[in-house]
Amino acid sequence: MAIQKLYAGVKLRETRTRAGLTQKDFAARLGVSLPYLNQMENNNRPVSTNVVLALASEFRLDVTELSSGDGERLVSDLREALADPIFAGKTPPVADLRLTASNAPGLAHAFLALHQSYRQVHERLASLDEALGREDARAMPSPWEEVRDFFHYCDNYIDAVDRAAEHFATRAGSGNDTRATAATALERAGVTVIFEDDDRLRAYDPARKTLHLSARAAPETQTFQMLLQVALTQQDALLEATLDLARFHSAAARDIAKIGLANYFAGAALLPYGRFLQKAQDCRHDLEVLAGHFGASIEQVAHRLSTLQRPGAKGVPFFFVRVDQAGTITKRHSATRLQFARFGGACPLWNVHRAFETPGRFLRQLAETPDGVRYISLARDISKPAGRFGAPVRRYAISLGCEVRHAAALVYADGLDVTRSDAFEPIGISCRICERRDCHQRSVPPLERQLVVDPHLRDTLPYRVE
């Protein structure tokens with residue numbers, strides 16, 4: 001299995017600056033020489049075990065922050081962007097991309113924004129949608145993509161909103177009945193909750209202060225929508241302050257993000273951080289036990305598990321993804337080294353696609369990515385009926401997983417032999433950045449390999465990857 005060295009120059013500089021120390025004094029506190037510290041801060045050398053221990057003891061640094069997913073997310077996004085055919089020619093090696101992500105993250109984000117703008121202009125021209133003739137046809141990220149990237153690079157954890165939701169759910173006398181707490185909060189705010197036989201999940205009338213909820217919706221969905229209204233009604237100042245810090249480019253992006261933050265509050269209140277983390281550890285992350293205990297859905301529980309990244313109280317670093325029947329990723333987050341493609345679908349070898357074939361069952365998979373990291377992945381289909389005959393059923397599949405070194409913490413790992421190399425199936429991220437040479441599901445050639453086309457030979461692929 002590949003072992004990645006830890007480069008954390010940016011975090012070292014942040015720690016030293018926050019402590020108000022010179023490089024010389026910082027090096028002395030860490031027990032290293034000044035040249036060695038300088039090399040670590042510039043990512044010319046990895047952080048040693050002794051330095052990690054010194055950071056924890058001398059500066060009380062949560063050492064898990066040293067290996068946060070920010071760098072890996074940037075590297076994955078850069079590789080995907082550079083897979084665009086417009087970048088014909090020699091591609092920068094992964095080592096250079098890691099240095100860019102570590103030493104110049106601002107430049108990396110600017111490059112990604114530029115590439116995203118190029119893609120949008122190119123797609124407008126290709127589809128002849130006449131967008132270039134309108135005043136609002138500026139090349140900038142769509143509001144939806146901008147909000148997606150905001151949560152992506154916040155590690156899908158918004159501390160102030162998360163803590164406010166936990167305080168709301170765990171305040172004196174609330175017990176475990178979050179639904180009753182939400183109903184009481186809305187009643188005190190003068191909001192009347194009305195359940196109706198309607199397809200719409202939620203409809204709020206601000207003039208009459210009435211919240212209309214679908215009586216056909218599942219109880220956990222009704223509770224979630226009540227909590228969302230609590231966020232919009234009682235936490236507006238907090239949401240607006242968070243949005244001010246995000247500095248979105250458009251009013252539409254800000255509006256979408258506000259709903260996203262309200263959804264975040266609702267999920268965090270339904271599954272309050274401390275109680276949820278403790279119960280998850282006690283039941284070894286059994287999704288069905290957690291769903292029953294907190295009155296939540298399987299998807300809500302799986303999504304929440306991927307957000308447990310509070311400094312000083314982190315849970316198992318999970319990845320979470322939801323795909324539709326076409327394989328398009330509709331939700332994604334990863335607190336692991338595994339990062340998902342920003343555009344397109346997920347690897348077809350991943351068990352999340354097989355979940356549609358076995359409704360109502362959990363599928364387990366041991367998988368290995370091209371970088372040698374091994375994971376345990378759990379997949380299940382999620383159907384969302386409208387509650388009446390003839391109404392369309394929304395079908396999704398979700399996947400939750402973590403690195404196999406955390407297998408002992410998962411009930412789903414029981415009975416799996418994680419010591420056998422041949423038990424792990426090869427998966428990738430995106431065909432253009434996957435270097436596997438013999439993948440029978442490859443759709444396009446890999447970016448960083450040479451191709452050999454033999455007119456006298458036809459194997460699984462019409463070319464050979466060198």
Side-chain angles (χ1 to χ4, degrees), residues 61-62 64-65 68-70 73 147-172 174-179 181-182 185-186 220 223-248 254 256-282 285 287 290-291 293-297 299-322 331-336 400 402:
L61 180 71
D62 182 352
T64 59
E65 296 180 25
S68 64
D70 292 351
R73 274 189 286 273
V147 173
R148 176 200 64 185
D149 288 347
F150 164 72
F151 283 100
H152 182 55
Y153 287 109
C154 283
D155 211 18
N156 209 32
Y157 175 77
I158 312 297
D159 188 70
V161 178
D162 204 298
R163 291 182 185 275
E166 182 177 32
H167 175 74
F168 170 82
T170 58
R171 58 190 175 186
S174 66
N176 285 323
D177 195 347
T178 308
R179 184 188 182 102
T181 305
L186 290 173
E220 60 267 21
T223 302
F224 187 92
Q225 294 300 326
M226 291 169 67
L227 290 167
L228 187 150
Q229 193 62 52
V230 169
L232 295 174
T233 304
Q234 296 191 339
Q235 300 291 332
D236 186 69
L238 174 60
L239 302 185
E240 289 293 335
T242 306
L243 293 169
D244 289 340
L245 293 174
R247 299 173 183 260
F248 289 107
R254 187 183 177 101
I256 293 172
K258 186 167 186 177
I259 296 299
L261 289 174
N263 276 281
Y264 186 101
F265 179 94
L270 182 63
L271 306 166
Y273 199 102
R275 288 207 313 250
F276 183 72
L277 176 60
Q278 185 61 55
K279 184 63 178 178
Q281 292 171 341
D282 292 344
H285 301 87
L287 271 64
L290 290 170
H293 181 79
F294 288 96
S297 69
E299 181 181 349
Q300 288 168 344
V301 167
H303 193 177
R304 182 56 168 156
L305 284 173
S306 72
T307 69
L308 300 181
Q309 296 300 301
R310 179 177 293 178
K314 293 188 176 183
V316 171
F318 283 104
F319 64 73
F320 169 79
V321 67
R322 188 182 74 181
K331 284 184 180 180
R332 66 185 176 102
H333 173 62
S334 178
T336 71
L400 180 77
C402 64

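Start at 1 with the first residue, then count along the sequence. The structure displayed is predicted, hence computed values, not measured ones. Computed from heavy atoms alone, side chains included, the values below leave out hydrogens, waters and symmetry copies.
- Annotation for A262 and L232: closest pair CB-CD2, 3.8 Å, computed over non-hydrogen atoms.
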Hey, mind stepping through F276 and V301 against side chain to side chain contact (heavy atoms under 4.5 Å, CB included) and telling me if it holds? CA-CA 9 Å; F276 183 72; V301 167; 4.0 Å; yes
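- Counting only heavy atoms from C-beta outward, the side chains of Q278 and D282 approach each other to under 4.5 Å.
- Contact annotation: the side chain of Y273 approaches that of L308 to within less than 4.5 Å [non-hydrogen atoms, C-beta and beyond].
- Remark: T242 OG1 to Q235 CD distance equals 10.0 Å, nearest 0.5 Å.
- Shown here for V230 and A182, the closest heavy-atom pair between the two residues is CG2-O, 4.0 Å.
- Contact record, A165 with A268: CB-CB, 3.5 Å, taken as the closest heavy-atom pair.
- In this structure, CG in L227 is found 8.5 Å from CG in L186, a value given to the nearest 0.5 Å.
- Proximity of a side-chain donor or acceptor of N263 to a complementary backbone N or O of I259 within less than 3.5 Å is detected.
- The distance from atom OG1 of T181 to atom CZ of F168, rounded to the nearest 0.5 Å, is 6.0 Å.
- In this structure, F151 and L261 have side chains that are in contact, with non-hydrogen atoms separated by less than 4.5 Å.
- With sequence neighbours excluded, the residues satisfying side-chain contact (heavy atoms from CB on, under 4.5 Å) with A280 are H285, L290, L305.
- In this structure, the side chain of Y264 does not engage the main chain of V161 through any donor-acceptor pair within 3.5 Å.
- Between P317 and A335 the shortest heavy-atom distance is CB-O, 3.5 Å.
- A pairwise comparison of heavy atoms in F319 and C402 identifies CE2-N, 4.0 Å as the closest pair.
- Among H303, R310, R304, the one residue that satisfies the side chain to side chain donor-acceptor pair (under 3.5 Å) test with T307 is R304.
- Evaluation of the side-chain contact (heavy atoms from CB on, under 4.5 Å) rule for A241 yields no partner, not counting sequence neighbours.
- Pairs passing the salt bridge (charged side-chain N to carboxylate O under 4.0 Å, His left out) check and including a residue from residues 230-241, sequence neighbours excluded, read D236-K258, E240-R254, E240-K258.
- Between K279 and F294 the shortest side-chain heavy-atom distance falls below 4.5 Å.
- Side-chain contact between E299 and F320 is present, with at least one heavy-atom pair separated by less than 4.5 Å.
- Note that CZ of R163 and NE2 of H167 are 13.0 Å apart. Values are rounded to the nearest 0.5 Å.
- To the nearest 0.5 angstrom, F248 atom CZ is 5.0 Å from F150 atom CZ.
- Of the listed residues (H333, R332, K331), just one forms a side-chain contact (heavy atoms from CB on, under 4.5 Å) with N156, and that residue is H333.
- The shortest heavy-atom contact between L238 and A164 is CD2-CB, 3.6 Å.
- Here OG1 of T336 is found 10.5 Å from CZ of F318. Values are rounded to the nearest 0.5 Å.
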